[in-house]
Amino acid sequence: MRIATWNVNSLRARLDFVLMWLEARQPDVVGLQELKATDEEFPRTAFQDLGYEVALHGQKGWNGVAILSRLPVEQVRRGLPGQESFGARLIGARIAGLAFFTAYCPNGKELTHPDFERKLGWFDDLAAFWRDADAGEAAVLCGDFNIVPAPVDSWRGAAADGRLFHTPDERRRFQALLELGLVDLYRDRRGDEQAFSWWDYRGGAFHRGQGLRIDMLLGTPRVAERVTDVRIDRDFRKKRSGLTASDHAPVYADLDLDDG
DNA sequence: ATGACACTATTTTAGTGA
């Protein structure tokens, strides 16, 4: 089973690009973030034509998350309890025995902005939700976490410590998810290898290698031990066929879950 | 040092993103 996460930065603006990627990589289950579309605006049929079921939690203008799946989708859950006012940022479902959740975690805006404290509170609620979710042995929590877990995950290295995304307060929240038993599948598989999943559109950041790793696939040990490959698909951060890429690359993993 | 890019919305400028 190939699972993936991707912040598409507007599904309506990115539809043809996303379809190209699906054709190229053939993922089975995909978590999408930053749809910037209502459920009514979401082009369901374009995905159904490629064999994907769609589960949606959209809203007008901003945020929005979705799951695409070539396998039957059951028990869809929308929203993070208690955090509905912070936008449509979490969706989960049960797919072929796997509990699959994808999240668009808050940005925080600036350290002095009220949204920074709200971001920390959102992560506290996410951890509480996950602790109580009873997701089962095989579970995935993926998405755009908007936290750089460690200096190696920033192009600036430790020089970025303390900036937004790189604060001890944020890193503690990410660590709290790992302490609930989740494994960072990229880091687990790749050791200390440096790779980024997001690059600023401005200033040639992508070509200068100035990125961050903020898009993650987290999995329970049951999932982590079945991983055969993890890739950050930076080729799809590049413009292609005249179409503009998202500022995030897709991240995908292959799981050998055949025996359940 | 600034802004640089690409998206959104009671759109023609301002806000958001990371």
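Note on naming: letters A, B, ... go to the chains in the order of the sequence lines (proteins, then strands), and numbering restarts at 1 for each one.
- Summarising the geometry, the separation between NZ on A:K239 and C1' on B:dA6 is reported as 10 Å, rounded to the nearest angstrom.
- Rounded to whole angstrom, the span from the CG atom of A:N7 across to the P atom of B:dT8 amounts to 13 Å.
- Looking at heavy-atom distances under 4.0 Å, A:H166 makes no contact with the nucleic acid at all.
- Annotation: B:dT2 and B:dA6 have their P atoms spaced 22 Å apart (nearest Å).
- Residue A:S10 has a polar side-chain atom (N or O) positioned under 4.0 Å from OP1 or OP2 of B:dT8.
- Listed candidates were B:dA18, B:dT16, B:dC7. Nearest to the side chain of A:A13 is B:dC7.
- A donor-acceptor pair is defined here as one N or O able to donate and one able to accept, closer than 3.5 Å; no such pair exists between the side chain of A:R237 and the backbone of A:W198.
- The 5' end of DNA chain B is approached more closely, in terms of each residue's nearest nucleotide, by A:K36 than by the other of A:W62 and A:K36.
- Backbone-only engagement by A:R14 is indicated by non-hydrogen atom pairs under 4.0 Å involving sugar-phosphate atoms exclusively.
- When the C1' atom is compared between B:dT10 and B:dA14, the two are found 14 Å apart, to the nearest whole Å.
- Of the listed nucleotides (B:dA18, B:dC7, B:dT10), B:dA18 has the atom at the smallest distance from the side chain of A:R202.
- Between the CZ atom of A:R163 and the C1' atom of B:dA18 there is a distance of 12 Å, rounded to whole Å.
- Ring pair A:F206/A:F196: centre-to-centre distance not below 6.0 Å.
- Considering only side-chain atoms of A:E34, the nucleotide from B:dA9, B:dA6, B:dG17 that sits closest is B:dG17.
- The phosphate of B:dA6 has neither OP1 nor OP2 within less than 4.0 Å of any side-chain N or O from A:N9.
- Counted by atom type alone, A:Q26 and A:R70 present one or more donor-acceptor pairs between their side chains at under 3.5 Å.
- Below the 3.5 angstrom threshold, one finds a donor paired with an acceptor across the side chain of A:N107 and the base of B:dA18.
- Looking at the side chain of A:Y201, the nearest of the listed nucleotides B:dA18, B:dC7, B:dA6 is B:dA6.
- Spacing between atom CZ of A:F165 and atom P of B:dA18 amounts to 6 Å, rounded to whole angstrom units.
- Look at CH2 on A:W199: it is 17 Å from C1' on B:dG17, rounded to the nearest Å.
- Counting any heavy atom pair closer than 4.0 Å across all strands shown, A:N63 reaches no nucleic acid atom.
- A:L164 comes within contact range of no nucleotide atom at all, as no heavy-atom separation falls under 4.0 Å.
- Rounded to an integer number of Å, the gap from A:Q33 CD to B:dA18 C1' is 14 Å.
- Comparing B:dA6, B:dA18, B:dT16 by their nearest atom to the side chain of A:K109 picks out B:dT16.
- Side-chain N/O atoms of A:Q33 and A:T5 include a donor and acceptor closer than 3.5 Å.
- DNA chain B is contacted by both A:K60 and A:A245; A:A245 maps to the nucleotide lying nearer its 5′ end (nearest heavy atom per residue).
- Comparing the C1' positions of B:dT16 and B:dA1 gives a spacing of 23 Å, expressed to the nearest Å.
- The nearest whole Å value for the distance from the CG atom in A:L11 to the P atom in B:dC7 is 13 Å.
- The hydrophobic cluster containing A:F129 also contains A:L178, counting ILVMFWY residues as joined when their side-chain heavy atoms lie under 4.5 angstrom apart, directly or transitively.
- If you take CH2 of A:W155 and P of B:dA18, they are 17 Å apart, rounded to a whole angstrom.
- Less than 6.0 angstrom separates the ring centroid of A:W21 from the ring centroid of A:W6.
- Residue A:F196 is classed as having no contact, given no heavy-atom separation below 4.0 Å to the nucleic acid.
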